[in-house]
Protein chains: 2
Amino acid sequence: MGHDGPMSSVKAKPARRGRPPRGSELLSRQRVLEAALALVDEEGLDAISMRKLALRLDVDPMSFYNHVDGKDALLDGIAEMMLSSIGFPETVGDSEHKGLRESMEVMARKFRQAMLDHPRAAPVVLTRQLPSIVALAPIEAVIGPLLAAGYPSDKAVHALRSVLAFLIGALMREVGAAPTFSASDSEASRQREADLRASGLPAVMATAAHLAVIDHETEFEFGLALLLDSLDNQLRP
Amino acid sequence: MGHDGPMSSVKAKPARRGRPPRGSELLSRQRVLEAALALVDEEGLDAISMRKLALRLDVDPMSFYNHVDGKDALLDGIAEMMLSSIGFPETVGDSEHKGLRESMEVMARKFRQAMLDHPRAAPVVLTRQLPSIVALAPIEAVIGPLLAAGYPSDKAVHALRSVLAFLIGALMREVGAAPTFSASDSEASRQREADLRASGLPAVMATAAHLAVIDHETEFEFGLALLLDSLDNQLRP
DNA sequence: CAGACTAAACCTACGTTGTAGGAATAGCAA
DNA sequence: TTGCTATTCCTACAACGTAGGTTTAGTCTG
């Protein structure tokens, strides 16, 4: 096998160049997106850069412009990936077995779980306006049950958007929150409670003990229940 | 006087240097933040940079590190500014005259209006986790009425956070949406409706006409009403 | 009123970033 | 063979945030 290898012991670039051999498949849209998501998971959204991604894949930074249109498109791709990982019910029939409430709860929880699987990447999904076809799956999964439950088209769309707004906001808060804030870190939350009590605002002081702690899961379920209660009630007025 | 000026006719830097004369007040935290907000309003969040801001203020990029801690702190400052521009009721007494519902509506609409006044800067407020004292004003404005209406502390905090989540999500969607999408642009929405009808998803197709258009104001009021209806109902079960 | 100190401006320079524009190399089509 | 195309790497650039230093004017202290 020639004489090229042995002395480059430390870090020399292999100087690989030109079209890769047959089935090597060094890069591909899939591989690039997966690596990017992994990088975001590990280092956070701010830390991601084309160059770091290149380093991780042992590839030139410019190489994945063959597979992705640029940094923004790469983020779009990540969002698409995460959304399509949710796995909504494909057949319409599914939603007829469960009631409106259960269908909505299932979809909301699946959505939440998908975001929590990649908390640092979640803002990409939650922030972006996605007109892509992928984004239609969750829409169908929500509107279907609403129509089946008897909602007229216009109200169903309003309801969809209200639930969507809640999901986006709740998850933005959850994934953005300092992990220390979430639970049981008694030192931090004790400090926070003290700050609240010193605020001088009466209602804040009265509820300081609860404001100082967040259990995201029960908050999520509480808000979701509020919305679903109203939706149920609207059906028989 | 002197001989420094006349030939630098085009773009020569004035080479102003050293501490500025007495009341010049070239820069100040206020001025910097206001200019930054104006810049964001005009060019968008992505386009903003310390250097462009410096250019606009005719100042060296490094100069406002005397007034602001860095780019991130500058964005924090913008968020703080926008929040404090809302003007929540200061006296507790106010909230006793109105009912729970009206108090919440007033606060929600004020919040929304503040975001719509600077749509391109709004994400800064909506995204950031703000432990600052400024952020307590809106919290007080919501929790006060809840307690007054008879909510126990824990439920009041849950309710607060549900409403907050909805506000954040709804406004993220609104300010992020393409302006063309919003209303009356019949060409774009007709195209969009056609796309939806071609999606193959039954519920999406059935509601395509409504999905193709958004009236953000009525969506906002609809979702808010859903939440408030539930909150009202919880008081007498 | 002199000397030291501080505040607020500017200047220089560094490392990083996204990506435009090519050059090289390997497979495929004619 | 002679091209053509796809995929990689290389070079280079303009723009970014900001660390570190310099300059000057006002302010404080003796």
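In the text below, chain A, chain B and the rest are named by the order of the sequence lines, each starting its count at 1. All values reported here derive from a predicted model rather than from experimental measurement.
Looking only at side-chain heavy atoms (C-beta outward), B:Met50 and B:Phe64 come within less than 4.5 Å of each other.
At most 12 heavy atoms of other shown residues, nucleotides or ligands fall within 6.0 angstrom of atom CG in B:Asp69.
Closest approach to the A:Arg51 side chain among C:dG18, D:dC16, D:dG20 is made by C:dG18 (side chain taken as heavy atoms from C-beta onward). Taking every side-chain heavy atom of A:Ser63 into account, D:dT8 is the closest of C:dC10, D:dT18, D:dT8. The side chain of B:Ser49 lies closest to D:dG17 when the candidates are D:dG17, C:dA9, C:dT19. Of the candidates D:dC16, C:dC10, C:dG18, C:dG18 carries the atom nearest the A:Lys71 side chain, counting heavy atoms from C-beta on.
At a threshold of 4.0 Å, the pair B:Glu221-B:Arg109 counts as salt-bridged, since one of the basic side-chain nitrogens sits closer than that to a carboxylate oxygen. The pair A:Arg173-A:Glu219 does not count as a salt bridge, with every side-chain nitrogen at least 4.0 angstrom from each carboxylate oxygen. The pair A:Glu42-A:Lys52 does not meet the salt-bridge criterion, since no charged nitrogen lies less than 4.0 angstrom from a carboxylate oxygen.
One interatomic measurement links the two molecules: CD1 of A:Ile48 to C1' of C:dG18, which rounds to 13 Å at whole-angstrom precision. As rounded to whole Å, 21 Å separates atom P of C:dA13 from atom CE of B:Met50. Put simply, NZ on A:Lys52 is 16 Å from P on C:dG15, counting in whole angstrom units. For B:Met62 and C:dA8, the CE to P distance is 15 Å, given to the nearest whole Å. Summarising the geometry, the separation between CZ on B:Arg31 and P on C:dA8 is reported as 14 Å, rounded to the nearest angstrom. Atom-to-atom, CG of B:Asp69 to C1' of D:dG17 comes out at 13 Å; the value is rounded to the nearest Å. Rounding to whole angstrom units, CG of residue A:Asp46 and C1' of D:dT18 are separated by 16 Å. If you take CG of A:Asp60 and P of D:dT7, they are 16 Å apart, rounded to a whole angstrom.
For B:Asn66 and C:dA7, a side-chain-to-base donor-acceptor distance below 3.5 Å is absent, hydrogens and geometry of angles not being considered.
In terms of phosphate contacts, B:His67 brings a side-chain nitrogen or oxygen within less than 4.0 Å of OP1 or OP2 of C:dA9.
Comparing the end axes of the helix from C:dC1-D:dG30 to C:dA30-D:dT1, each fitted to five base pairs by superposing C1' atoms of four pairs onto the next four, gives an inter-axis angle of 0° (nearest 10 degrees).
With rounding to the nearest 0.5 Å, the separation of CZ in A:Arg51 from CG in A:Asp60 is 9.0 Å.
With sequence neighbours left out, B:His210 forms a ring-ring contact (aromatic ring centres under 6.0 Å, His included) with no residue at all.
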